[in-house]
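Both ligands and their constituent atoms are indexed starting at 1 by order of listing. In this text the structure is predicted, and so the values were computed from the model without any measurement.
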Amino acid sequence: MKVTLSFDNGPTAPVTAHVLDVLAQQRIHSTFFVVGENLAQPENRAVAERAAAEGHWIGNHTLTHSMQFGDTDDPRVPGREIGEAQRLIGELAHPDRLFRPYGGGGVLDRRLLSPAAVAYLQQNAFTTVLWNSVPHDWDDPDGWTERCLADVKTRDWSLVVLHDLPTGAMEHLPRFLAGLRALDADIVQEFPPDCVPLHRGRLEHSVGHLLPC
Ligand SMILES: [Zn+2]
C-alpha cells in the first residue's frame with residue numbers, strides 16, 4: 001500500500017514550519033499546494049522556500065482559493081487564479097508546473113474545472129493533480145487521523161489532502177504518521193497516475209466528469 005501526502009491552502013508560517021519539522025524527522029517528502037496570495041507575506045514566502053530547499057515539491061493551488069472554475073463564465077479567471085499564482089510561486093515551482101484546483105470541500109464534481117480552465121492548463125503546460133483521500137482535517141482537527149488511516153486501507157495508492165492551517169489538526173501529524181508506519185504503508189512523494197488527468201499540458205485522462213454540463 002502506497003500513500004502520498006499533500007498539504008494545501010498554506011503556507012501559514014508557524015503551522016507549515018511545524019509540518020516541515022515533523023516530515024524532516026521522519027524523512028518524508030510531500031507536496032505543498034500553496035495559495036498564491038499567501039506568499040505575499042515574507043514569513044510565508046520564507047517557509048515555502050524552506051520546504052522547497054528540504055526537497056518538498058511546491059504546487060499551485062490558485063491565487064485566492066475563492067471560487068470553483070465551474071461557477072464562473074469570466075474568461076479572465078483561469079489566467080488570474082492559475083497564471084498569477086504561478087508567477088508568485090516563481091522559481092519555487094516544480095518543473096512539471098503542478099496545479100491543484102480549489103475543491104470546495106473536497107468533492108470531485110462538475111464545478112471543479114471549466115473548459116476555459118482546462119484550455120489554460122493545456123496551453124501553459126500545467127500538470128493537474130487531484131486527490132482520492134480527504135479526511136476533513138479542517139472540520140475534525142482531532143478525529144481526522146483515525147478516519148484517514150481507515151480510508152487509506154481501502155485502496156492501493158492514496159493521495160491524501162491535508163491542510164497546513166492553524167486548525168490544530170497538524171498537531172496530530174506525528175500520530176498519523178506513526179499509524180501509517182504501523183500499517184506498513186510506503187510513503188512516497190510521487191502521485192498516483194489516476195489522480196493526474198493532465199501531465200505537462202497533455203490530457204492523460206478524461207476530465208469530462210469535472211466540467212459543467
Ligand atoms: Zn484547498
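In this structure, D164 contributes its side chain and P11 its backbone to no donor-acceptor pair below 3.5 Å. Proximity of a side-chain donor or acceptor of R147 to a complementary backbone N or O of D140 within less than 3.5 Å is not detected.
Classified by interplanar angle (parallel below 30°, tilted 30° to 60°, perpendicular above 60°), the ring pair W144/F176 is tilted.
Each protein N/O/S atom under 2.8 Å from the Zn ion (ligand 1) was counted, for a total of 3.
Remark: H56 pairs with H29, F32 by the ring-ring contact (aromatic ring centres under 6.0 Å, His included) rule, at least two apart or across chains. By the side chain to side chain donor-acceptor pair (under 3.5 Å) test, T72 pairs with no residue at all, sequence neighbours left out.
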Let me check something: any side-chain donor-acceptor pairs from residues 181-191 under 3.5 Å, sequence neighbours excluded? List them with distances.
residue: R181; atom: NH2; partner: Q26; partner atom: O; Å: 3.0
residue: Q189; atom: NE2; partner: S30; partner atom: O; Å: 3.1
residue: Q189; atom: NE2; partner: G55; partner atom: O; Å: 2.9

